[in-house]
Structures are given as C-alpha cells and as structure tokens.
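Shown next, in structure tokens, is the structure this report addresses.
Residue numbers start from 1 in every chain, and the chains themselves are labelled A, B, ... in the order their sequence lines are given, proteins ahead of strands. Reckoned from all heavy atoms, side chains included, excluding hydrogens, waters and symmetry mates.
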Amino acid sequence: MPAKCRRSRTKFTEEQLKILIDAFNQKPYPGYAAKKRLALQVNTEESRIQIWFQNRRARHQFPKRPGERLDARQGRGPPAEQTPGRGDRRSRTSYTNSQLQTLIEEFKVNPYPGIDSREKLAKEIGVPESRVQVWFQNRRSRQNTQKEREPGEAVDQGQNQGQDLRDGTVQGTATT
DNA sequence: CTCCTAACTTAATCACCTT
DNA sequence: AAGGTGATTAAGTTAGGAG
C-alpha cells in the first residue's frame, strides 16, 4: 500500500462527544469562530468539527430548521443566529500564483489526492490541509460542469476514474 | 455480519471580490 | 451585472470498528 487514501478515523471520547452534542443542540450551524473554539475545547482540528456537524445534521433530527431561511415569516425563532453560512465564515484564502500552479500541477496528475498527498501538498505550499481538500473539491466539481458545456473533446480520463487509485504515489520529478 | 458513524464525494449555493 | 473562486451546505457513498 503506497499511501493512505483516507485520513484515519477519528475516535471521539465520551467527553468530547458530550461537548459536541451539547454545542450541536444549542446551535447546529456554528460559525467559523464557534467551530474553532470547539476544536480547541475538544482538542481536535476545526475540519473534524466541521465534518462532525455535517454528519450530525444529516443523520439526526434537530430542532432548528435550515430551510427557514426563505421563510422566516414568524418571529418565533432566533433568526440569523443559527442560519447557515451567513454567519461568520472562514476568511477567504487567497492563493498566490505559484501556490496555484503547484495545486494545478498536482491536479493533473491526481485529482483525488489521499490524505498523505494532501498533507504533503499543504506543507509544500504553506496552507492548511483542509484548504487543499476544498480546493480539489471545487476544482473537480467545476471541471465537470465545464465538460458539459464543451463535450466535443476526447477525454483522457476514461471511465475509470479516481476511486480506485486516488493516490498515485507519483513522486520523483518534482519541480524543475 | 450488522449497525453506527467518520471520511469522503458531487452539485448547488453563498459570499466576496474583480472586471 | 457578470464572472471567478473560496467556503459551506445537503444528500449520498465508502469504509472502520464495536457489538
């Protein structure tokens, strides 16, 4: 096995879970600052907190209603306080040209980098691993929508895409 | 093996900036 | 206003580990 694909599964302790669940019950859509605070509290990364909340919202019912953003005709519930997205977000990461170039080069080689590749890349360009992951997500998604616009080209990818060989272990010829 | 759930995916959308 | 792109979301999938 060349490189790890997925990050190893996080095991939350009872105590951590207690804090997380409690926070979730109070606010299922925490803003960036709240997530960071929680991350500190339970001694884990903010990205793990984000994933945890995503999964929790998807699999458990919770009192607050996200779809209410379009509604809000009644003054019953606290409004923006729990609204998704619109609260405080992580400030936008701005990539330099050379950082972008590194990312794009890697994307050509392997659009589905595993955790090892992502961390390596992150370290190389000096950006958190979670930002690298998001960059790849956006890149893949937007590449797909652009293909639909101009489908008249042969695709190198073939139908056998990522899932199997996400991590190519393609080291060696790095930068010139 | 089955069940729960962390990790991951796409697609849509939000937010903010530049043109 | 339109375009680009990073950040966040919902919904669905993959996989690790406990029972």
[N], OP1 or OP2 - any side-chain N/O from [X] closer than 4.0 Å?
X: A:Arg89; N: C:dG6; result: no
X: A:Arg140; N: B:dT9; result: yes
X: A:Tyr112; N: B:dT10; result: yes
X: A:Thr145; N: B:dA11; result: no
X: A:Trp135; N: C:dG6; result: yes
X: A:Arg7; N: C:dA15; result: no

Value in whole Å for how far the [atom2] atom of [N] lies from [atom1] of [X]:
X: A:Ile21; N: B:dT5; atom1: CD1; atom2: C1'; answer: 12 Å
X: A:Gln61; N: C:dA11; atom1: CD; atom2: P; answer: 11 Å
X: A:Glu14; N: C:dA18; atom1: CD; atom2: P; answer: 14 Å
X: A:Ile51; N: C:dT9; atom1: CD1; atom2: P; answer: 11 Å
X: A:Arg56; N: C:dA11; atom1: CZ; atom2: P; answer: 17 Å
X: A:Ile49; N: B:dA6; atom1: CD1; atom2: P; answer: 11 Å
X: A:Ile104; N: C:dG6; atom1: CD1; atom2: C1'; answer: 14 Å
X: A:Glu119; N: B:dA7; atom1: CD; atom2: C1'; answer: 14 Å

| For A:Arg59 and A:Asn55, does a side-chain donor sit closer than 3.5 Å to a side-chain acceptor? |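 Yes, A:Asn55 and A:Arg59 have a side-chain donor paired with an acceptor closer than 3.5 Å.
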
| said: Under a plain distance cut-off of 3.5 Å, with no hydrogens placed, do A:Gln26 and A:Asp22 share a side-chain donor-acceptor pair? | reply: yes

For the pair [X] and [Y], find out whether any cationic side-chain nitrogen is under 4.0 Å from an anionic carboxylate oxygen.
X: A:Arg7; Y: A:Glu45; result: yes
X: A:Lys108; Y: A:Glu105; result: yes
X: A:Glu129; Y: A:Arg118; result: yes

| A:Leu17 or A:Gln133, whichever maps to the more 5' nucleotide of DNA chain B |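 Going by which nucleotide is closer to the 5' end, it is A:Leu17.
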
| field | 5′-ward residue of the pair A:Gln54/A:His60 relative to DNA chain B | value | A:His60

| task | Take A:Lys35 and A:Asn55, find for each the nucleotide of DNA chain C with the closest heavy atom, and name the residue whose nucleotide sits nearer the 5' end. | result | A:Lys35

| request: Would you kindly compare A:Gln50 and A:Lys11 by the position of their nearest DNA chain C nucleotide and give the one closer to the 5′ end? | output: A:Gln50

Side-chain donor/acceptor contact of [X] with base of [N] under 3.5 Å:
X: A:Arg90; N: B:dA15; answer: no
X: A:Asn144; N: B:dA11; answer: no
X: A:Arg6; N: C:dT14; answer: yes
X: A:Arg9; N: B:dT5; answer: yes
X: A:Arg92; N: B:dC17; answer: no

| query | Is there a donor-acceptor contact under 3.5 Å from the side chain of A:Gln16 to the main chain of A:Val42? | reply | yes

Which nucleotide, [options], lies nearest any side-chain atom of [X]?
X: A:Arg59; options: B:dA7, C:dA10, C:dT8; result: B:dA7
X: A:Asn138; options: C:dT8, B:dT9, B:dA7; result: C:dT8
X: A:Thr93; options: C:dG6, B:dA6, C:dT9; result: C:dG6
X: A:Arg142; options: B:dT10, B:dA7, C:dA7; result: C:dA7

| Which part of the nucleic acid, if any, lies within contact of A:Ser8, taking any heavy atom under 4.0 Å across all strands shown: a base, the sugar-phosphate backbone alone, or nothing? | sugar-phosphate

| field | Parallel, tilted or perpendicular: ring planes of A:Phe24 versus A:Trp52, cut at 30 and 60 degrees | value | perpendicular

